[in-house]
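This report refers to the structure that appears directly beneath it.
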There are 2 protein chains.
Amino acid sequence: MSVKVKKGNKKLSSNMEDYLEAIAVLKKDRGVARVGDISRLVNVKKPSVTSALSVLSGKGLVVHERYGYVEFTPKGKIIARGIKKRHDMFVRFLVDVLGIDSQTAAEDACRMEHTVSSETFENLTKFIEFVDTHPDGDRPEWLKRFDHYSKTGKRLKCTIKEAGRRAEE
Amino acid sequence: MSVKVKKGNKKLSSNMEDYLEAIAVLKKDRGVARVGDISRLVNVKKPSVTSALSVLSGKGLVVHERYGYVEFTPKGKIIARGIKKRHDMFVRFLVDVLGIDSQTAAEDACRMEHTVSSETFENLTKFIEFVDTHPDGDRPEWLKRFDHYSKTGKRLKCTIKEAGRRAEE
DNA sequence: AAGATTTGTTAAGCTTCTCTAACAAAGAAA
DNA sequence: TTTCTTTGTTAGAGAAGCTTAACAAATCTT
């Protein structure tokens with residue numbers, strides 16, 4: 001016989017993901033997460049936070065007693081960690097590869113992080129790893145070429161060093 | 001003295017962008033866009049399309065008379081073109097760079113395309129250009145290295161040709 | 001042309017998420 | 001402790017978008 005209780009096992013909306021993420025950030029930065037801080041971070045009014053918390057609570061992701069701090073359940077903590085991972089990954093891609101300024105990157109990441117399939121997430125992660133763990137020097141040669149292409153619209157046919165020498169002429 | 005008519009100049013919601021995009025696709029593929037086809041493409045019921053069309057109509061982006069085909073206004077056509085550009089660019093990135101299968105890439109692109117800032121869009125466009133207009137051969141050497149890294153988790157320290165030779169051993 | 005089928009619209013209602021206004025609890029200060 | 005201030009909650013309402021059910025127009029068939 002089937003269970004009647006709402007399981008709340010559906011996928012989270014991106015709004016709810018935002019709340020979870022904000023809570024994670026606050027707990028990390030200040031130790032505790034309070035309604036007012038969440039509302040500031042997510043950029044909504046406090047009543048919206050209260051109602052979001054009751055939703056998340058219903059899904060078994062946070063614990064929140066009236067007028068108290070917000071805590072994660074173990075399940076909530078795991079999900080929040082996953083969200084943060086995706087977020088950071090996007091920021092890294094936008095900043096490290098595309099050269100977006102970190103302010104804009106953070107904003108874009110906040111929106112993009114809710115939309116990717118796990119395939120894309122995985123491959124993008126690998127891509128960033130590939131870039132960031134590059135052996136020779138901080139930044140791969142080809143990315144330096146991209147930087148140049150991005151700035152000037154022109155391809156470098158030679159190495160950066162040669163280009164540097166030329167530029168000095 | 002200020003105009004009282006609703007100008008409808010606000011930014012489009014991503015839902016409305018989806019409708020515009022669907023209309024563009026249909027007009028391109030079949031010459032005309034009808035409510036039923038749009039509803040299938042966007043994956044909503046027909047009444048949702050009808051009401052979306054009245055919104056888009058109110059914003060001066062489409063023309064739609066009862067029981068008739070849907071047409072773009074000049075303004076609508078321009079906007080739809082922009083949306084399609086972003087969409088295609090994402091698909092190219094996901095497929096050409098990350099190696100996502102085109103089915104998943106299309107789905108992801110549909111969601112991601114609504115979320116990027118113009119900075120990110122521009123830089124991502126440049127990045128794709130940089131990749132796709134690579135001079136020597138179809139695919140840049142470093143991307144081949146990424147493909148390998150992605151598949152095996154191991155970096156190639158040598159050229160692909162050498163790796164190929166090794167693999168044959 | 002008459003009826004049957006397909007296609008589109010209207011009406012009404014639900015869900016999610018937001019807001020403002022008003023109130024209640026907690027904490028700080030007197 | 002009584003009052004003031006800050007913080008949080010409740011209630012009520014509204015925007016967007018979606019759905020189903022019922023109806024109307026258009027099109028196809030014969």
Side-chain angles (χ1 to χ4, degrees), chain A residues 6-23 26-27 29-71 79 83 110-111 113-115, chain B residues 6-23 26-27 29-71 79 83 110-111 113-115:
Chain A
K6 270 195 184 170
K7 295 294 289 317
N9 268 338
K10 295 247 198 80
K11 223 174 58 193
L12 282 178
S13 73
S14 53
N15 287 322
M16 290 303 147
E17 287 193 352
D18 283 336
Y19 285 111
L20 278 189
E21 197 180 347
I23 294 163
L26 288 166
K27 293 207 71 167
D29 290 3
R30 326 191 175 180
V32 296
R34 290 176 307 172
V35 169
D37 297 327
I38 298 168
S39 91
R40 238 162 284 136
L41 207 53
V42 178
N43 214 19
V44 296
K45 304 297 176 192
K46 285 182 286 186
S48 306
V49 175
T50 304
S51 82
L53 289 176
S54 91
V55 171
L56 291 172
S57 200
K59 290 180 189 290
L61 303 177
V62 303
V63 177
H64 177 227
E65 45 203 37
R66 281 173 110 241
Y67 299 98
Y69 294 144
V70 181
E71 303 291 341
I79 292 179
I83 294 167
C110 280
R111 276 171 280 124
E113 69 194 29
H114 307 296
T115 66
Chain B
K6 271 198 184 170
K7 295 293 291 317
N9 267 339
K10 296 248 198 78
K11 221 174 58 194
L12 283 178
S13 73
S14 53
N15 288 323
M16 289 304 146
E17 288 193 352
D18 282 336
Y19 285 111
L20 278 189
E21 197 181 345
I23 294 163
L26 288 166
K27 293 206 70 165
D29 290 3
R30 326 192 175 178
V32 296
R34 290 176 307 173
V35 169
D37 297 328
I38 299 169
S39 91
R40 238 162 285 138
L41 207 52
V42 179
N43 214 18
V44 296
K45 303 300 176 191
K46 284 182 287 185
S48 307
V49 175
T50 304
S51 83
L53 289 176
S54 91
V55 171
L56 292 173
S57 199
K59 290 181 188 289
L61 303 178
V62 303
V63 177
H64 178 225
E65 44 203 37
R66 279 173 113 242
Y67 299 98
Y69 293 145
V70 180
E71 302 292 340
I79 292 179
I83 293 166
C110 280
R111 277 170 281 126
E113 68 194 28
H114 307 297
T115 67

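Here is how names work: the chains are called A, B, and so on, in the same order as the sequence lines, proteins then strands, and each is numbered from 1. What you are looking at is a predicted structure, and each value in this text was computed from that prediction instead of being measured.
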Discussion item. Which residues in residues 35-48 of chain A have a heavy atom closer than 4.0 Å to any atom of DNA chain D?
Written reply: A/Val35, A/Gly36, A/Lys46, A/Pro47
Practice prompt. Give the nucleotide from the list D/dT9, C/dG8, C/dT18 with an atom nearest to the side chain of B/Tyr67.
Written response: C/dG8
Practice prompt. Just jot down the side chain to side chain donor-acceptor pair (under 3.5 Å) partners of A/Asp37, sequence neighbours excluded, or say none.
Written response: A/Arg30, A/Arg34, A/Arg40
Worksheet item: Nearest to the side chain of B/Arg66 - C/dA24, C/dT18, D/dA25?
Response: D/dA25
Response to the item:
Separation of C/dT7 atom C1' from B/His64 atom NE2, nearest Å, is 11 Å
Worksheet item: Rounded to whole angstrom units, what separation is found between the CG atom of B/Asn15 and the P atom of D/dT19?
Response: 11 Å
Item to complete: Figure out the CD/P separation between A/Glu17 and C/dC17, and round it to whole Å.
Response: 11 Å
Worksheet entry | For B/Val42 against B/Asp18, the heavy-atom pair lying closest together | CG2-O, 4.2 Å
Practice prompt. Any chance you could measure B/Asn43, atom CG, to B/Ile38, atom CD1, to the nearest 0.5 Å?
Written response: 14.0 Å
Worksheet item: When all nucleic acid strands are considered with a 4.0 Å heavy-atom cut-off, which category describes A/Ser51: base, sugar-phosphate, or nothing?
Response: base
Fill in: Gap between atoms CG and C1', on A/Leu20 and C/dC17 respectively (whole Å)
16 Å
Item to complete: Please tell me if the side chains of A/Leu61 and A/Leu12 come closer than 4.5 Å, counting only heavy atoms from C-beta onward.
Response: yes
Practice prompt. Looking at every strand, decide which applies to B/Tyr69 at a 4.0 Å heavy-atom threshold: base, sugar-phosphate, or nothing.
Written response: nothing
Item to complete: Take the protein atom CZ of A/Arg34 and the nucleotide atom P of C/dA26, then report the distance between them rounded to whole Å.
Response: 15 Å
Discussion item. Distance check needed: D/dA16 C1' versus B/His114 NE2, whole Å only.
Written reply: 15 Å
Worksheet entry | Nearest-Å distance for atom pair NZ/P, residues A/Lys11 and C/dT16 | 15 Å
Practice prompt. Show the numbers, then the answer: is there a side-chain contact (heavy atoms from CB on, under 4.5 Å) between A/Leu53 and A/Tyr19?
Written response: CA-CA 8 Å; A/Leu53 289 176; A/Tyr19 285 111; 6.0 Å; no
Fill in: Side-chain heavy atoms of A/Arg111 within contact of B/His114, under 4.5 Å
no
Discussion item. Between B/Thr50 and A/Tyr19, which residue's closest nucleotide on DNA chain C lies nearer the 5′ terminus?
Written reply: B/Thr50
Worksheet item: Where the side chain of A/Ser39 meets the backbone of A/Gly36, is there a donor-acceptor pair that is under 3.5 Å apart?
Response: yes
Worksheet item: In whole angstroms, how far is the C1' atom of C/dT10 from the CG atom of B/Leu53?
Response: 15 Å
